[in-house]
Enquirer: 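I'd like to ask you about the structure that follows.
Every heavy atom of this structure was used, including side-chain atoms; hydrogens, water molecules and symmetry mates were not.
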Protein chains: 2
Amino acid sequence: MRPTVHDIAAEAGVSLATVDRVLNNRPGVRSVTRNRVERAIATLGYVRDVAAANLAKSRSYPLVFILPSGENAFMRGLESELRFAMSRSAAERLDITILSVPAFDAPALAAALLDARKRRPAGVAVVAVEAPEVTEAVKRLCEDGVSVVTLVSDLPGSGRDHFAGVDNVAAGRTAGSLLGRFLGGREGPVAVLAGSMLVRDHRDRLEGFRAVTSEDFASRQVLPVIEGQDNPLLVEKLVGALLERNPDLAGIYSLGAGNRGLIAALEKAGRAKSVCTIAHELTPHSRAALLSGTIDALLNQNAGHEVRSAIRVLKAKADGLPVIAAQERIRIDIFLKDNLPLEQE
Amino acid sequence: MRPTVHDIAAEAGVSLATVDRVLNNRPGVRSVTRNRVERAIATLGYVRDVAAANLAKSRSYPLVFILPSGENAFMRGLESELRFAMSRSAAERLDITILSVPAFDAPALAAALLDARKRRPAGVAVVAVEAPEVTEAVKRLCEDGVSVVTLVSDLPGSGRDHFAGVDNVAAGRTAGSLLGRFLGGREGPVAVLAGSMLVRDHRDRLEGFRAVTSEDFASRQVLPVIEGQDNPLLVEKLVGALLERNPDLAGIYSLGAGNRGLIAALEKAGRAKSVCTIAHELTPHSRAALLSGTIDALLNQNAGHEVRSAIRVLKAKADGLPVIAAQERIRIDIFLKDNLPLEQE
DNA sequence: AGATTTTTGATTTACGTACATCAAAAATTC
DNA sequence: GAATTTTTGATGTACGTAAATCAAAAATCT
């Protein structure tokens, strides 16, 4: 049987009240006595029963999630995963509030962070936009003792506790490697289509892609980056022009969103099969394109995992428990038409 | 605030004792009363506080894990993940016992299942070997009301509750697809190296590999399967002979274990770079070979995830709770040298 | 030594559920 | 309508921890 506070009291030869004072470091315990209790804890291998403690405290975990609004399919998937987690959160004493903020809008995001702060949550998860005012707001939260997890897009230098997202440099490298190997000896330049260079994850992916291309496929020409603002219509226009300008285009790496435009442009130009295409994020559109062969490989981050990981980490931080790094690492999924999971997920 | 049993009693106009009788379906409640309580539960949206209930019951979850012994690196990794999960299981009321059984030994496995049964656990996780006696033993456990999860290798037709492992047909297809595309227009046959055709996962992988090769790369010749019994020494010998027989060999798909022998044979023959190699499972040896270029891609199943998933599922089954399929799907990791996670994991 | 402060003990209530007991009320049977 | 059975209520204890109160003991200071 696991030892309880009573066992510690007996072992240390003190009263329950004193054990409680030590465990919850309340004042009024001489250091000799404190030591005795701590020794008892160590020898018996006592571990606080978090469930019982939470019950006694009627503890709940008020969390705030800040997500971008807009029609970005990945973000909407993220939100739906979050709502699902909320629906079954009853058993976990979670009390989650969602705040929506226009995408790429740093002032609005900073304001939302201040709003979140007023609610005195135990933790905040935020899809970060890299801007000084956002960094500042996150810093403020951390100083207040609120745990902060960045979600999908990181915010280095803000003091956030954890990043729940993929290694985007590695993602870019992987895309470059796959594209290079899929093309083999085939001639022609490759293009990179990004959303915006203002977001950290896109910059990281580009960096990784360029690095691996120059290391391993030095002879391959990489055309200047196209920024499609994650907007399908704009993307379609820009890719259409790109295809016209480059009749010998061998491959495209689309590292942002707006894949609907990319797919449309490729198919309209009749180049769906001849241009090797690697894109990000599994959505109904990109899934269909992968199956039809318009897209050759998809890199994906599992939104459900990211949400659950963020919640786990925030809870652990609130309880002062350690985080298991290996468990919280969000992996880069690589999907070919052959290992696509079933639709319903 | 979440409603409690007291709220239900008030709402239904009955006593706490009656609510308790309904909730834990004890006898002695007229169906009219029962209905009234159930309606109250529904309208208030009551969900039993599992933590409090477990506390009151002093419930624990006695689980048995049955793993193959031997020096298979993946299995040892699995066991170490399991031990790690056990070490931090104090807070989760888990009481896990590990049984070791010689690999590929159906009678021993069946005996271990019977042994497990005697311990009256809440659940059993087992790395299955496909044999009638094993299927029979699993069936028996299920009939006793013990939840059974197959781990890594499945056992269809046994009535097991869940399979915690990857879709091995999809894994084989993915390997075939990658190998085909990496080889591009290059000439030469490819070879398949398996452990044993007696294990389900190996058979599934082979099936997937063959299917995709004949669908998408019909002109590519696939040599007869080599069975290396997951034994590094035997594998090295067999692959050495294979390389000698086929100087024009373009690729190898190793779908089992014993990669150490494969790597040694390729490097000894000086064909490490010229033969495109795809293998399974990330181990220190395979990791090094991926980084050096001897292996071109690794398919991996994350042992930590499998263990944690098996535990979660067994717990959920023991509590009569539903399993979230999307969360429990074990994905096939594809590692290139570019997206290899850091060593310590 | 006496007064004062600090430390410790003893005890109680609470969290939400499980489970047991005994008495009271209601329904059923004869 | 009385006797019997079934159903329901009232109450208490337990699980392991948190948190509070008040008294007792010990340490510190003057």
Enquirer: Without decimals, in angstroms, what is the distance between B/R36 CZ and C/dA26 P?
Expert: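 These atoms are roughly 12 Å apart.
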Enquirer: Can you spot which of A/L82, A/I330, A/V124, A/L78 makes a side-chain contact (heavy atoms from CB on, under 4.5 Å) with A/L151?
Expert: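 Only one of A/L82, A/I330, A/V124, A/L78 forms a side-chain contact (heavy atoms from CB on, under 4.5 Å) with A/L151, namely A/L78.
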Enquirer: C/dA18 P sits how many Å from B/L23 CG, rounded?
Expert: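 For the pair B/L23 CG and C/dA18 P, the rounded distance is 6 Å.
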Enquirer: In this structure, how many angstroms lie between the P atom of D/dA14 and the CG atom of B/L55, rounded?
Expert: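 After rounding, the gap between these two atoms is 14 Å.
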Enquirer: Without decimals, in angstroms, what is the distance between A/H6 NE2 and C/dT11 P?
Expert: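 So the two atoms are 12 Å apart, to the nearest Å.
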Enquirer: Hey, does B/D49 reach any base, or is it just sugar-phosphate, or nothing, if we go heavy atoms under 4.0 Å?
Expert: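 Here B/D49 touches the backbone only, sparing every base.
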Enquirer: Please say whether more than 12 non-hydrogen atoms of neighbouring residues, nucleotides or ligands are located less than 6.0 Å from CZ in B/R2.
Expert: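 Count over threshold, so yes.
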Enquirer: Report which part of the nucleic acid A/R2 touches: base, sugar-phosphate, or nothing (heavy-atom distance under 4.0 Å, all strands).
Expert: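 No contact at all - A/R2 keeps every heavy atom at 4.0 Å or more from the nucleic acid.
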Enquirer: When the distance from NZ of B/K57 to C1' of C/dG16 is rounded to whole Å, what number comes out?
Expert: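 Value for this atom pair: 13 Å.
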Enquirer: Checking all strands, does A/N54 fall into the base, sugar-phosphate, or nothing category for heavy-atom contacts under 4.0 angstrom?
Expert: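 A/N54: no heavy atom of the nucleic acid under 4.0 Å.
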Enquirer: Please determine if B/K315 and B/D319 form a salt bridge, counting it only when a charged side-chain N lies under 4.0 Å from a carboxylate O.
Expert: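 Looking at B/D319 together with B/K315, the answer is no, because their closest N to O distance does not fall below 4.0 Å.
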Enquirer: Just the rounded figure in Å: distance from C1' of D/dT17 to CG of A/D319.
Expert: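 About 13 Å, once rounded to whole Å.
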Enquirer: Please figure out whether B/L16 or B/R34 has its closest DNA chain D nucleotide nearer the 5' end.
Expert: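 By nearest-heavy-atom nucleotide position, the 5'-most residue is B/R34.
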Enquirer: How would you label the contact of A/V14 with the nucleic acid (heavy atoms, under 4.0 Å): base, sugar-phosphate, or nothing?
Expert: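 Sugar-phosphate only.
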Enquirer: Regarding B/A17, tell me which of base, sugar-phosphate or nothing describes its non-hydrogen contacts under 4.0 Å with the strands shown.
Expert: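 Base contact.
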Enquirer: Can you figure out which of D/dA10, C/dG9, D/dA18 approaches the side chain of A/N24 most closely?
Expert: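 Nearest nucleotide to the side chain: D/dA18.
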Enquirer: When you check the phosphate oxygens OP1 and OP2 of D/dA18, does a side-chain N or O of A/R26 lie under 4.0 Å from one of them?
Expert: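 So the side chain of A/R26 is outside the cut-off, no N or O lying under 4.0 Å from OP1 or OP2 of D/dA18.
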Enquirer: From CZ of A/R59 over to C1' of C/dG16, roughly how many Å is that when rounded to an integer?
Expert: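 Spelled out: CZ on A/R59 to C1' on C/dG16 is 17 Å.
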Enquirer: Provide, to the nearest angstrom, the distance between the CG atom belonging to A/D20 and the C1' atom belonging to D/dG16.
Expert: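 Distance, rounded to whole Å: 12 Å.
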Enquirer: Nearest to the B/Y46 side chain among C/dC19, C/dT17, D/dA19, which nucleotide is it?
Expert: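 Ranking C/dC19, C/dT17, D/dA19 by closest atom to the B/Y46 side chain puts C/dT17 first.
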Enquirer: Honestly, is A/R59 close enough over A/Y61, meaning NZ or CZ under 6.0 Å from the six-membered ring centre and within 45° of the axis?
Expert: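 Yes, A/R59 sits over the ring of A/Y61.
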Enquirer: Find which nucleotide of DNA chain C each of A/R21 and A/R93 is nearest to by heavy atoms, and output the residue with the more 5' nucleotide.
Expert: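 Result: A/R21.
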Enquirer: Mapping B/A56 and B/R30 onto DNA chain C by nearest heavy atom, which one lands closer to the 5' end?
Expert: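 Looking at the nearest nucleotide for each, B/A56 comes out on the 5' side.
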Enquirer: Is there a side-chain polar atom (N or O) of A/S15 under 4.0 Å from OP1 or OP2 of C/dA10?
Expert: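 Checking C/dA10 against A/S15, no side-chain N or O comes under 4.0 Å of OP1 or OP2.
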Enquirer: Flag yes if more than 12 heavy atoms outside A/R120 fall under 6.0 Å of its CZ atom; otherwise flag no.
Expert: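 Not buried by this count: 12 neighbours or fewer within 6.0 Å.
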